[in-house]
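Below is one structure, written out as structure tokens; the observations come after it.
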Amino acid sequence: MQGVLHQILSGLATGGIYASLALALVMIYQATHHVNFAQGEMATLSTYIAYTMVTAGWSYWVSFIATVVVSFIMGVVVERVLMRPMTNAPVLALVGVFIGLLLIVNAMTGWIWDFTIKTFPSPFHSSTPLLGGFLSGHELGSTVVTLVMLLCIYLFFRHTSLGLAMRAAAYNPVSSRLVGVRVGWMLALGWGLAAAIGAIAGMMIAPIVFLDPNMMAGVLLYAFAGALLGGIENPLGAVIGGFAVGVIENLGGAYVVGTELKLTLALVIIVAVLMIKPSGLLGRTVMSRV
Amino acid sequence: MLRRRTLLTGAAAAGLVPAAPAMLRAAETPGVTATEIRIGNTMPYSGPSSAYAVIGKMDAAVFEMANDQGGFAGHKVKFLSYDDAYSPPKTVEQVRRLVEQDQVACLFNTLGTPTNSAIVKYCNAKKVPQLFVSTGAAKWGDYKDHPWTIGWQPTYQTEAQIYAKYILKEKPDGKIGILYQNDDFGKDYVTGMKDVLGDKFAKVMLVSYEVTDPTIDSQAVQLQSAGINVLLTAATPKFAAQMIRKVATMNWKPLQFLTNVSASVGAVIEPAGPQNALGIISSAYLKDPTDPSWDKDSGMNDWRAFMKKHFPDGDLSDSGYVFGYGVTLTMMQVLKQCGSDFSRANIMKQATSLKELEIPVLLPGIKVNTSPTDYRPIRQLQLMKWGGKTWDRFGDIIEGVAA
């Protein structure tokens, strides 16, 4: 019984990882209606930038804020330079760009910082393990950060006119342009915000899995499963989905399907959700009139 | 027409054999000219595993030294080493290029388990010696299935056998658990434990992880809650570091064994926290360049002198350089034993008749031995324990059980 409890808590901790990256996926989807496959690698790059700042002797929180700002600019630049020329391109061409971006960023981080794992500092120290070793201070702290991010995104999209304009630009670019929304800049803003959220996710994940160029490869897949499970248009859904995938994966791996099929379980979740409720558990079915 | 030509060639060959054997051999020996012998290799010079590339650079430097000293029976080695980025499809492409276009006499020290697995059938079908591959998978010792392929370092299976022997002696009633990577590498450790534990293996708890898993936390929890008190971690560096730290943060104190693949101080122990790794047992067969007990060792001094000459900027704590040096010295012995006959058959024959060969960078007492029915050149190891700052070797040189 203690084992089950421990598995659930450990699953929540890993789920927190998925949830934070899932939020970045939701952000980009809300803003552009695309899923950026390079989201994970961009987050890894941001984490390396933070790592460089910290090793250069900057304090953690200064590096943290600087990294978020730099990542935001990076996201905007990527949209302006790479995505803008593709405005009218078919979806497959966009997928090509996303995958190219993934490979380029991955190879670049490996080239600059090499592939050996690095320790990334955590701002949340705990001298003694919490709950008898079930949870570390960092796991608790990063979960809180994820929840705060969730709240901010929720407030931004629901209660600010900018958030509304961004949603409108993604949902119906033509009508938005007619009512005066600057669609191009809304898309760039979405990329910037997604990159910034990704950077925070990266900095929360790196102390747990160690920093290396392929840090996000596995995480992105689970984050995607989480986002789809909860609803990729709904930040709250994505976070709940991320936590749920973490727990399901742990319990399933330990007691049901065995550790060999843990990843398969995540993929089964994706397929099942797409078949039964494509908009996710908390997603709304949107109908568009043509 | 066709038949006549075949007949004619056959007749000509038959007539020539007794008359001019040397000439015929030169024509029939791929990769060998009057002054040169071509040897092929693949290495991850780019990509995630590029840290291993120092091995390829070292191999090339040692051959260069041999050439400067006069080469082998008047032949200089031309070492062709290509980048495969540790990606099996690329390895196949590069090895085909080496064999068919560059016409190498043999392959030497191609690196990686999945990469070598991708070319082993091709090499054996073409009867190209695939010598001293840089991987510890047990399958390279299988002389029946692939007689043209041979490993060098102790196999993962041998290593696990040695840990199992130690467990039986020191903690016979321990509850054993194994965390292993779900591939050839990890499964070899399971097999090795099984070889030695026999009936007791039924009670061993096996937990696997995939390289795509973000963390191994769940596996660690599973092992701890089952009451495991002897733990073997057969994991690659990132996961080994995660496991060492997780075990420590869970206040779990099993007797821990760690694959020597992940015994690197810089890549695993430092990130995991040196204090978290206290008491972990691993094993070694090479002299550790950071171990002060080799400061006055003549073998290691030769190696340091070599490093100074060829790699003045090389990292002296990187054991990849020691590995490359040792394995290429073994290859040099094979080429010396070949005499003037560098045919593929003779290269393979000499590689499988090394007797009591001492390599200066192997731990004292460990010798290289091969025979046509023994394709495991090194099969001895010494245990070592992490003392907080360095690995401390202890006990005798131990040999794995016979195949």
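Here is the naming used below: chain letters follow the sequence lines, and residue numbers restart at 1 for every chain.
- Both the backbone and the side chain of A/Ala254 come within less than 4.5 Å of a heavy atom in chain B.
- Of the possible polar contacts, one joining the B/Thr115 side chain to the B/Gly112 backbone as a donor-acceptor pair under 3.5 Å is found.
- Remark: side-chain polar atoms of A/Asn250 are paired, donor with acceptor, to backbone N or O of A/Gln7 under 3.5 angstrom.
- Heavy-atom pairs under 4.5 Å with chain B were tallied for A/Ile208, A/Asp114, A/Thr14, A/Thr116; the largest tally goes to A/Ile208.
- B/Asn260 and B/Ser282 form no side-chain donor-acceptor contact under 3.5 Å, judged by distance and modelled atom types alone.
- Chain A forms more heavy-atom pairs under 4.5 Å with one residue of B/Ser46, B/Ala51, B/Ala241, B/Ala267 than with any other, namely B/Ala241.
- Contact annotation for B/Asn182: only side-chain heavy atoms (C-beta onward) come within less than 4.5 Å of a heavy atom of chain A.
- A donor-acceptor pair is defined here as one N or O able to donate and one able to accept, closer than 3.5 Å; no such pair exists between the side chain of A/His6 and the backbone of B/Gln224.
- Highest contact tally toward chain A, considering only B/Ser50, B/Pro237, B/Ser225, B/Gly47, is held by B/Gly47 [criterion: heavy-atom pairs under 4.5 Å].
- Ion pairing between A/Lys118 and A/Asp212 fails under the 4.0 Å rule for side-chain N and carboxylate O.
- At a 4.5 Å heavy-atom cutoff, the contact between B/Gln219 and chain A is made by side-chain atoms alone.
- A/Tyr222 touches chain B through its side chain: at least one heavy atom from C-beta onward sits under 4.5 Å away, while N, CA, C and O do not.
- Counted by atom type alone, A/Thr44 and A/Thr109 present zero donor-acceptor pairs between their side chains at under 3.5 Å.
- B/Gln242 touches chain A through backbone and side chain together, each having a heavy atom under 4.5 Å away.
- Interface remark: A/Tyr255 contributes no atoms to any contact with chain B (heavy atom separation under 4.5 Å).
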